[in-house]
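It should be emphasised that the depicted structure is a prediction, and the values quoted were computed from it without experimental measurement. Protein chains get the first letters and strands the later ones, always in sequence-line order, with residue 1 at the start of each.
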Protein chains: 2
Amino acid sequence: MEEPRKRARPGRVPAPAGRTSRPRQAEVARLAGVSQATVSLVLGARKQGATISEETRRKVLDAVRALGYVPDPAASRLAAARNNLLGVFSFTSTFPTDVQHSYYPFLVGVEQEAAARGYDLVLFTGSSTGGAGAAGPNALARVRLADGCLFLGRHAPAEELRRLVADGFPVVHLGRRDELEGLAWVGADYISASQEVVAHLAALGHRRIVLVREDDEAPASTDREHGFLKGLEEAGLPGGPAAVFRSADPERELTAERLRGWLDEGVTAFVAEETDTGDAWRALHGAAHFVGIDCPRDASLALLGSPPPDLAEEPVPTGFDIPRPQLGAAAVRMLAALVSGEEAAEPLVACTFRPGSTAGPAPARY
Amino acid sequence: MEEPRKRARPGRVPAPAGRTSRPRQAEVARLAGVSQATVSLVLGARKQGATISEETRRKVLDAVRALGYVPDPAASRLAAARNNLLGVFSFTSTFPTDVQHSYYPFLVGVEQEAAARGYDLVLFTGSSTGGAGAAGPNALARVRLADGCLFLGRHAPAEELRRLVADGFPVVHLGRRDELEGLAWVGADYISASQEVVAHLAALGHRRIVLVREDDEAPASTDREHGFLKGLEEAGLPGGPAAVFRSADPERELTAERLRGWLDEGVTAFVAEETDTGDAWRALHGAAHFVGIDCPRDASLALLGSPPPDLAEEPVPTGFDIPRPQLGAAAVRMLAALVSGEEAAEPLVACTFRPGSTAGPAPARY
DNA sequence: GCGCATTACTAATACGCATTAGTGATCCGG
DNA sequence: CCGGATCACTAATGCGTATTAGTAATGCGC
């Protein structure tokens with residue numbers, strides 16, 4: 001009646017001749033002369049009071065080191081435990097050929113913070129290039145292998161994200177994202193930063209300030225406008241629609257005439273928002289140059305963010321910098337908090353004011 | 001004798017009240033009126049010829065859709081005895097603050113190739129910052145949670161690498177590394193590339209060519225010299241020690257006098273190797289400029305590699321480019337081959353010749 | 001010196017899926 | 001019309017770990 005239990009499974013390659021396969025807890029147990037369960041107890045972060053003698057613990061740990069044992073992440077997860085892996089998912093390639101568009105600056109902080117907290121990172125690439133889970137409707141499912149996952153970029157499909165969140169899987173989105181109920185995110189505090197820039201200009205004596213923004217409903221844009229207007233209000237300056245120039249194509253619509261018009265109306269400072277393309281700043285910068293404005297003598301310019309690479313050589317714009325590494329780190333902190341069930345961490349990261357050289361005292365009127 | 005099999009496991013949260021946890025294959029099977037195995041067969045990419053009727057397949061797929069079934073990656077990978085994870089280990093931080101020193105260009109290719117082959121990447125950092133596995137003497141042990149691991153940079157401790165290799169753990173080193181028996185690596189084919197550059201110069205009529213190299217025993221250096229000499233030989237030009245100028249500090253030792261001496265001896269072309277610092281090229285470039293050489297009219301210059309960033313603006317040097325993304329991709333291919341037990345892939349990656357503008361026809365003699 | 005704790009383990013089992021060895025049907029050739 | 005082949009599917013089992021119920025072995029109080 002004895003069934004042959006140890007028969008080799010045909011589908012499995014029995015490790016290339018002579019080589020030992022990766023060690024399992026069972027092998028550690030054998031070497032230490034204990035049971036597999038004991039190995040698990042020694043290694044695990046005991047929740048209940050299972051007591052292990054010092055002697056046994058030492059034997060097990062020695063065996064672990066001797067064999068170079070490392071727990072299998074899939075098995076840990078299946079058994080409802082942690083595996084100390086945090087996922088990083090980007091819908092587009094994490095390392096695009098064009099460095100400019102990469103998430104590199106964020107990853108700097110992500111890697112550091114993750115390492116500091118004892119997590120390793122798993123890169124899930126969900127791009128059209130194929131990806132491990134094909135590009136099917138469940139491209140995001142793979143991330144469940146990790147303890148939690150960070151999402152980069154605004155392209156993460158809402159439906160699948162919602163599903164992960166609904167299942168209680170720890171998820172953090174890098175970049176504000178309110179429309180998805182229950183989705184945790186971290187983002188830059190554009191409101192305060194924009195407000196600070198306006199305060200700076202006001203302190204320099206500017207009394208009329210105009211914001212140039214693109215036609216965009218992203219939170220990043222509306223937040224800046226919000227902060228801008230708040231800054232005006234705090235300084236007791238005129239706000240309202242007249243203070244905001246909104247254009248879908250600023251490079252064409254922000255004409256020299258329009259700029260002269262503003263100057264004639266007494267506007268002495270201009271603020272542009274930062275966008276992917278940097279068009280608002282480019283347009284503002286170009287028009288000012290065209291009109292022959294000597295900046296910051298005749299008028300001041302400020303940029304709510306960083307300049308596009310092609311304008312990086314120009315005099316440093318007054319404005320603020322988005323601390324990308326810190327954002328990445330904050331995202332990891334929040335994810336770690338979710339994973340371990342702690343209280344959620346702070347979602348907003350402060351931007352740093354950049355004095356720059358495009359803003360100066362308001363010119364004397366007339 | 002009946003054991004209570006379905007008793008709830010205390011450690012598990014029984015899905016937030018009301019909401020059912022996500023479906024399993026078993027539930028799909030129940031709904032479709034088939035067995036769990038059948039569901040697995042329908043969903044899996046059958047390797048063996050298990051045949052399923054169209055009728056059944058449809059029922060299963062309908063049930064899958066109806067329940068919103070998504071496979072659990074932990075279970076899949078555990079059962080398949082394959083995590084589909086490739087490790088990427090760098091001794092220094094994978095994402096240093098200074099992008100210049102990063103492995104970014106390699107990672108571009110690594111990510112693409114890994115994604116195309118269905119692998120996800122696990123990032124391991126061996127720096128002192130810790131990572132999940134502390135920095136102990138077994139810092140490398142953690143990479144075993146992946147199916148195999150790629151090593152970047154020459155700092156990977158030999159002893160531990162040897163251990164991994166000896167244990168049969170699939171390892172690939174990015175960059176040639178012969179001293180470690182059995183270590184698989186991929187590297188650029190500097191020999192052929194250097195040879196090609198010499199051939200190009202010879203075809204332009206140059207009859208005496210000198211190589212400027214630093215004092216370094218790295219394979220990357222010796223390979224270039226090897227290819228350089230081979231190129232001379234093929235072209236029937238004078239080689240030997242006189243054709244190679246080796247210096248630990250070329251910027252000081254490659255003086256104007258020395259350069260003039262070579263020119264007087266009839267040397268019309270100079271080749272520098274690329275190094276971390278780019279000193280050989282910088283020295284050569286500087287001396288030529290100092291002596292007042294009109295390049296490429298009076299003499300030709302070539303660089304065996306890419307110029308350092310600070311000299312990137314100068315006229316593009318004739319030479320070759322190291323296809324870093326391709327190198328990364330080749331490394332992944334080799335690692336994938338090792339993991340799946342296939343035949344090893346090609347370790348050498350061809351460099352691409354870069355015409356540049358610093359080499360031209362040899363000047364008429366006298 | 002007997003019951004009851006406590007200590008230090010081990011046996012058994014579940015997690016969700018993939019794989020394979022069956023197992024009835026049905027078909028086919030001679 | 002019978003032995004074998006093919007088809008379509010299911011039962012059973014294993015992957016590696018975490019958890020818990022159980023079990024000897026000892027200690028302790030009265």
(request) Examine distances only and state if a side-chain atom of A:R163 and a backbone atom of B:G68 form a donor-acceptor pair shorter than 3.5 Å. (result)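 Checked: pair present.
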(message) Determine whether a donor-acceptor pair (N or O, by modelled atom type, separation under 3.5 Å) exists between the side chain of B:S340 and the backbone of B:A336.
(response) yes
(request) Would you please confirm or rule out a distance under 4.0 Å between OP1 or OP2 of C:dC9 and any side-chain N or O of A:T56? (result) yes
(request) Please check the phosphate of C:dC9 (OP1 and OP2 only) for any side-chain N or O of A:T38 closer than 4.0 Å. (result) no
Which nucleotide, [options], lies nearest any side-chain atom of [X]?
{"X": "A:S35", "options": "D:dT17, C:dA11, C:dC17", "value": "C:dA11"}
{"X": "A:L78", "options": "C:dC17, D:dG16, D:dT17", "value": "D:dG16"}
{"X": "B:S40", "options": "D:dT17, D:dT19, C:dT19", "value": "C:dT19"}
{"X": "A:A75", "options": "D:dT10, D:dT17, C:dG16", "value": "D:dT17"}
{"X": "B:T51", "options": "D:dC7, D:dT19, C:dT19", "value": "D:dC7"}
{"X": "B:R24", "options": "C:dC15, C:dC17, C:dT20", "value": "C:dC17"}

Would you mind reading off the distance between [X] atom [atom1] and [N] atom [atom2], rounded to a whole angstrom?
{"X": "B:D147", "N": "D:dC15", "atom1": "CG", "atom2": "C1'", "result": "14 Å"}
{"X": "B:R30", "N": "C:dG16", "atom1": "CZ", "atom2": "C1'", "result": "13 Å"}
{"X": "A:L41", "N": "D:dA18", "atom1": "CG", "atom2": "C1'", "result": "8 Å"}
{"X": "A:L145", "N": "C:dG16", "atom1": "CG", "atom2": "C1'", "result": "13 Å"}
{"X": "B:R82", "N": "C:dC17", "atom1": "CZ", "atom2": "C1'", "result": "16 Å"}
{"X": "B:Q25", "N": "C:dT19", "atom1": "CD", "atom2": "P", "result": "11 Å"}
{"X": "A:R57", "N": "C:dT7", "atom1": "CZ", "atom2": "P", "result": "14 Å"}
{"X": "B:I52", "N": "D:dT6", "atom1": "CD1", "atom2": "P", "result": "18 Å"}

(request) Classify the side chain of B:Q36 and the base of C:dA18 as holding, or not holding, a donor-acceptor pair under 3.5 Å. (result)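 Answer yes: a donor N or O sits under 3.5 Å from an acceptor.
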Heavy atoms only, 4.0 Å cut-off, all strands: where does [X] land among base, sugar-phosphate and nothing?
{"X": "B:V34", "answer": "sugar-phosphate"}
{"X": "B:S53", "answer": "sugar-phosphate"}
{"X": "A:A81", "answer": "sugar-phosphate"}

(request) Specify the residue among B:E55 and A:V70 whose closest nucleotide of DNA chain D lies further upstream toward the 5′ end. (result) B:E55
(request) For residues B:L121 and B:A114, report the shortest heavy-atom separation together with the two atoms involved. (result)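 Scanning both residues completely, I find the closest heavy atoms to be CD2-CB, 3.7 Å.
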(request) Could you grab the distance from atom CD of B:E113 to atom CG of B:L335, nearest 0.5 Å is fine? (result)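 Nearest 0.5 Å value for the CD-CG distance: 11.0 Å.
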(request) Supply the atom-to-atom distance B:E159 CD to B:L140 CG, rounded to the nearest 0.5 angstrom. (result) 11.0 Å
(request) I would like to know whether A:D167 and A:R162 meet salt bridge (charged side-chain N to carboxylate O under 4.0 Å, His left out); could you show each step before the answer? (result) CA-CA 9 Å; A:D167 288 345; A:R162 193 190 314 280; over 6 Å; no
